[in-house]
Amino acid sequence: MKAQTEQRTGLLYGFGAYGMWGLVPLFWPLLKPSGAIEILAHRMVWSLAVVGVALLAMRRWGWIRELLRRPRKLALTALAASVISVNWGLYIWAVNNGAVVEASLGYFINPLVTIAIGVLVLGERLRRAQWAAVGIGVAAVLVLAIGYGRPPWISLVLAFSFAAYGLIKKKLNMGGVESLAAETALLFLPALGYLLWLGAQGRSTFALDDPGHSWLLAATGLVTAIPLICFGAAAIRVPLSTLGLLQYLAPVFQFGLGVLYFHEAMPPERWAGFSLVWVALALLTWDALRTARRSRARLAEAGAIAAATATTAATAASEAAVAAEAAEVAGAAEVAGAAHGAPEPPAAAVTPAREPA
């Protein structure tokens with residue numbers, strides 16, 4: 001019962017995280033006339049404030065000393081911060097410049113790019129279904145490039161930057177809140193310096209006559225941190241296969257907003273490209289679920305064999321213990337009989353051999 005409650009709670013956290021990421025295109029246009037770089041700088045500054053409060057509440061500070069003692073890990077953290085800055089900045093720019101649909105495509109093809117990076121960088125071996133999905137994804141990009149009259153560079157940069165970020169995070173092996181705190185801490189001074197420079201140039205949109213706009217810029221920290229915290233809570237409660245399915249919620253919501261709310265154009269060639277991407281993702285999901293099911297079956301079979309072996313061993317041990325106990329009782333009885341002068345058992349009768357007639 002407790003496990004089911006935990007999994008249900010994890011699903012709610014997962015829906016919350018990916019739902020907020022999917023609806024975030026509604027937020028960035030509210031920050032106009034701020035430019036994408038200024039919004040990004042505010043996001044870095046205020047995110048550090050939010051995660052700092054979270055770490056203070058959780059009292060997690062030991063990781064800072066460990067990070068500072070390991071230069072390689074610190075360098076990887078700085079690289080992760082740089083890569084995610086490109087991803088965040090481009091996404092904000094795309095949403096505020098009428099490219100929500102193309103931005104959503106980046107997160108649709110991200111799993112395919114992640115698989116490709118696994119092959120090229122980590123030397124992983126793909127199953128046939130995965131190769132087929134990657135091939136269909138490449139065909140989809142070609143169809144979209146023909147439809148756009150150019151490669152869908154926004155989608156590709158978002159997909160590759162986020163896949164590279166995931167690869168770096170895999171090597172870092174840090175918690176979500178801790179890694180965000182480390183990355184935003186490294187970016188804090190450059191971001192703050194840029195905001196101060198904008199203010200000195202009279203080009204800052206913060207602290208203008210409209211206090212509501214300033215509050216919205218400050219809220220970028222919450223918009224960044226809250227979904228990440230929900231994601232971390234979901235990741236420890238639900239299986240990875242379930243989390244992998246939930247990740248498609250964000251681009252689905254983004255795509256829906258781009259078409260239905262922002263009324264972006266969807267010519268036939270764009271529909272064709274997106275359809276190919278969805279076929280590739282369906283194939284990838286089917287393969288992942290099938291593999292997970294087979295893995296669970298193997299684990300169950302191995303568990304059953306181990307249980308049967310343990311039962312057999314326990315039975316043999318029990319029989320051996322009973323035999324030993326019986327022998328011990330018999331020995332004790334014999335010793336007791338000898339001590340009280342009990343007669344010895346009669347010798348066996350011997351039949352005399354007949355002489356030949």
Side-chain angles (χ1 to χ4, degrees), residues 14 17-18 21-22 24-25 80 83-84 86-88 90-91 94-95 99-148 150-171 231 235 239-259 266 269-295:
Y18 286 108
W21 279 328
V24 78
V83 171
I84 200 61
V86 172
N87 185 275
W88 285 356
L90 179 59
Y91 184 78
V95 170
V100 175
V101 169
E102 189 174 349
S104 72
L105 175 64
Y107 294 103
F108 274 126
I109 66 176
N110 173 251
L112 303 173
V113 174
T114 300
I115 289 174
I117 287 181
V119 173
L120 298 175
V121 178
L122 302 179
E124 295 178 354
R125 298 180 62 182
L126 299 187
R127 298 181 291 274
R128 291 181 180 178
Q130 291 175 314
W131 276 117
V134 171
I136 295 172
V138 172
V141 171
L142 292 176
V143 169
L144 289 166
I146 295 172
Y148 280 110
R150 58 170 176 80
W153 67 272
I154 294 175
S155 307
L156 293 174
V157 172
L158 288 175
F160 275 93
S161 61
F162 201 72
Y165 180 68
L167 176 64
I168 299 169
K169 297 277 279 188
K170 182 179 178 67
K171 293 182 176 296
F231 172 78
L240 286 178
S241 58
T242 304
L243 208 61
L245 292 176
L246 288 177
Q247 73 174 331
Y248 297 130
L249 285 177
V252 166
F253 285 171
Q254 294 165 11
F255 176 80
L257 286 174
V259 174
M266 284 293 295
E269 57 272 15
R270 186 177 286 190
W271 279 112
F274 269 86
S275 298
L276 285 173
V277 170
W278 294 332
V279 168
L281 293 179
L283 182 60
L284 199 63
T285 302
W286 169 79
D287 178 70
L289 292 175
R290 182 187 62 170
T291 304
R293 186 167 56 250
R294 287 179 176 176
S295 299

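The shown structure was predicted, so the numbers you read here are calculated from the model rather than taken from an experiment. Hydrogens, waters and symmetry mates are skipped; everything else that's a heavy atom, side chains included, is used.
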Legend entry - Verdict with reasoning, Leu105 to Val101, per side-chain contact (heavy atoms from CB on, under 4.5 Å): CA-CA 6 Å; Leu105 175 64; Val101 169; 6.0 Å; no
[Y] side chain reached by [X] side chain, heavy atoms, under 4.5 Å:
| X | Y | answer |
| --- | --- | --- |
| Ile109 | Leu156 | yes |
| Tyr148 | Arg270 | yes |
| Val83 | Phe162 | no |
| Pro25 | Phe253 | no |
| Pro151 | Val141 | no |
| Ile168 | Tyr165 | no |
| Tyr248 | Tyr107 | no |

Legend entry - Arg128, CZ: over 12 other non-hydrogen atoms inside 6.0 angstrom: no
Under a 3.5 Å distance rule, please check whether [X] uses its side chain to pair with a backbone N or O of [Y] as donor and acceptor.
| X | Y | result |
| --- | --- | --- |
| Asp287 | Gln130 | no |
| Asn110 | Ala159 | yes |
| Glu269 | Ala145 | no |
| Glu102 | Ala99 | no |

Legend entry - side-chain contact (heavy atoms from CB on, under 4.5 Å) involving Val279 - partner list, sequence neighbours excluded: Ile136
Inset, instruction - Applying side-chain contact (heavy atoms from CB on, under 4.5 Å), name anything that partners Val86, two or more places apart in sequence or on another chain. - result: Val157
Legend entry - Residues in ring pair (Phe, Tyr, Trp, His ring centres under 6.0 Å) contact with Phe274, at least two apart in sequence or another chain: Phe255, Trp278
